[in-house]
Amino acid sequence: MASPAEELDVDGVAVRLSNPDKIYYPKLGAEGGTKRHLVEYYRTVALDGALLTALFDRPTHLQRFPDGIEGEEIYQKRVPAKRPDHVESCEVTFPSGRKADVLRVRSAANIVWAANLGNITFHPWAVRCPDVDHPDELRIDLDPQPGTGFGDARAVALDVLRPLLDELGLVGYPKTSGGRGLHVYLRIEPRWDFIEVRRAGIALAREIERRSGDRATTNWWKEGRGERIFLDFNQNARDKTIASAYSARKTPIATVSTPVTWDELVDVDPDDFTIATVPALLAKRGDPMATMGDVAQSLDVLLEMAERDAANGLGDLPYPPNYPKMPGEPKRVQPSRDRDLNRKNKPE
């Protein structure tokens, strides 16, 4: 039977908590894995300000598991038409050209309301709602491929990415993904559109690849990545999102995508960051991303790198499959299925 609903006070706003005893994380059970535990986690980090800072004024998609992480997943882009008065929306345009009203996070109550819908992970766009066409973040996604893990992603970030950013005069803010990966954010001026920001991200990824000693790759096709860290440049494309800082993840122990300092990154274990441990960590040492918005950085140096790559014959890279064919994009087919390429390489 469902447990009785309750009413939570979230900074003066009443938010309903339904069926609080439902098990969301079976491995953690009633002692740490109920809907109440998840919602209370989100209330704490929202009222603390860390999660609200990460999501504030951003169009945000919801990754919902109303019956817990072993139940059906609902990836919800459009905000429900039936919603409390405190829940706002903003209009975004998808790559297809279709438009939609998406959740606009403006308060801690918005976050707790979404958590009560069974939302495990918040997926914000890299834009603010007043201007949804010009990102204010460039996101670097270091994604371990089979045969690699978090330690490999960390090594690329510390050995290659951080020194490169220092050399370019840029400041990056790392966070765990909540899984095996690693994310690094750059706060940027909202002067460039998605195509330009993605182009800058590709230039940065290519330079990381060149300096990595074959530890990282920008190869979009899985068959060509090998046992390397994939630098997912398409995370900077329109409508592509990354789990926000302080978002819980669909893992058995309720891990959290957690910001860390570069010094902390040296020896962190991403499994140490969970909905049970992150609030105390925040209370103890604060939010490493708290100062990220203090300086909006220029993309000029990365776009200059992109120009040099283009002059050396390195053009665009493939977009995700749900995108329309983009100007200047190469053929969107994996090499092993490219008849023209196979015919060209076929021995005489």
Side-chain angles (χ1 to χ4, degrees), residues 1-8 10 15-48 50-51 54-55 60-77 80 103 105 108-124 141 143-146 148-151 153 175-183 241-260 268-283:
M1 294 180 60
S3 48
E6 302 175 13
E7 188 174 274
L8 302 177
V10 186
V15 180
R16 186 172 185 266
L17 170 57
S18 61
N19 201 7
D21 296 333
K22 178 183 282 189
I23 301 296
Y24 269 23
Y25 292 92
K27 183 174 181 177
L28 302 178
E31 299 303 314
T34 67
K35 183 177 183 180
R36 182 192 303 279
H37 289 104
L38 177 71
V39 172
E40 286 293 352
Y41 163 75
Y42 273 129
R43 179 164 72 159
T44 300
V45 294
L47 290 173
D48 171 274
L51 178 56
L55 295 177
T60 301
H61 301 323
L62 305 178
Q63 187 179 8
R64 298 172 51 211
F65 295 86
D67 293 317
I69 64 167
E70 295 183 356
E72 179 187 5
E73 174 181 346
I74 302 170
Y75 192 82
Q76 185 165 343
K77 294 189 174 185
L103 172 65
V105 176
N110 300 160
I111 292 169
V112 176
W113 166 80
N116 184 60
L117 295 179
N119 184 63
I120 299 292
T121 306
F122 291 89
H123 290 268
D141 182 6
D143 183 12
Q145 300 302 291
T148 65
F150 179 79
K175 70 179 181 71
T176 66
S177 69
R180 300 183 306 126
L182 187 65
H183 305 148
T241 63
I242 292 178
S244 78
Y246 303 106
S247 266
R249 304 309 307 270
K250 180 199 172 184
T251 61
I253 61 172
T255 52
V256 170
S257 180
T258 306
V260 295
V268 298
D269 182 342
D271 285 351
D272 288 342
F273 303 129
T274 70
I275 63 173
T277 64
V278 166
L281 176 66
L282 266 173

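Only heavy atoms go into these numbers, but all of them, side chains included; no hydrogens, no water, no symmetry mates.
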[X]: salt bridge (charged side-chain N to carboxylate O under 4.0 Å, His left out) partners, not counting sequence neighbours:
X	value
Lys250	none
Glu73	none
Lys22	Asp67

[X]: side chain to side chain contact (heavy atoms under 4.5 Å, CB included) partners, not counting sequence neighbours:
X	result
Asp272	Asp269
Pro66	Arg64, Ile74
Ala46	Ala108, Ile111
Leu28	Tyr25, Ala254

Could you tell me which non-hydrogen atom of [X] sits nearest to which non-hydrogen atom of [Y], and how far apart they are?
X	Y	answer
Ile69	Pro26	CG1-CD, 4.0 Å
Thr251	Gly178	CG2-O, 3.8 Å
Ala245	Pro259	CB-CG, 3.6 Å
Pro279	Thr274	CD-O, 4.4 Å
Tyr24	Gly118	OH-CA, 3.4 Å
Gly71	Phe65	O-CD2, 4.0 Å

Note to self: Just to verify, what does Tyr42 make a ring-ring contact (aromatic ring centres under 6.0 Å, His included) with, not counting sequence neighbours?
What the structure shows: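 Only Phe122 meet the ring-ring contact (aromatic ring centres under 6.0 Å, His included) criterion with Tyr42.
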
Next item on the list: Just jot down the ring-ring contact (aromatic ring centres under 6.0 Å, His included) partners of His123, sequence neighbours excluded, or say none.
Entry: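 With neighbours one apart ignored, the set is Tyr75.
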
Note to self: Using the rule side chain to side chain contact (heavy atoms under 4.5 Å, CB included), only one of Ile120, Leu103, Thr121 pairs with Leu62; which is it?
What the structure shows: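 Of the listed options, the one satisfying the test is Leu103.
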
I'd like to check the side-chain hydrogen bond (donor to acceptor under 3.5 Å, both in side chains) partners of [X]; sequence neighbours left out, ordered by chain and number.
X	value
Ser257	Lys175
Ser177	none
Ser244	Ser247

Next item on the list: Flag the pair Val268 / Phe150 as yes when at least one side-chain heavy-atom distance between them is below 4.5 Å, and no otherwise.
Entry: yes

Note to self: Could you tell me if the side chain of Thr258 sits less than 4.5 Å from the side chain of Pro270, heavy atoms only?
What the structure shows: no

To the nearest 0.5 Å, tell me how far [X] [atom1] sits from [Y] [atom2].
X	Y	atom1	atom2	result
Lys27	Glu70	NZ	CD	11.5 Å
Leu17	Glu6	CG	CD	5.5 Å
Asn119	Leu38	CG	CG	8.0 Å
His183	Thr176	NE2	OG1	8.5 Å
Leu55	Thr60	CG	OG1	5.0 Å
Arg180	Thr148	CZ	OG1	5.5 Å

Please confirm whether the backbone N or O of [Y] pairs with a side-chain atom of [X], one donor and one acceptor, at under 3.5 Å?
X	Y	value
Gln145	Asp143	yes
Asn116	Arg16	yes
Thr34	Asp21	no

Check: Under the side chain to side chain contact (heavy atoms under 4.5 Å, CB included) criterion, do Phe273 and Val260 qualify, and how do the steps go?
Finding: CA-CA 10 Å; Phe273 303 129; Val260 295; 3.9 Å; yes

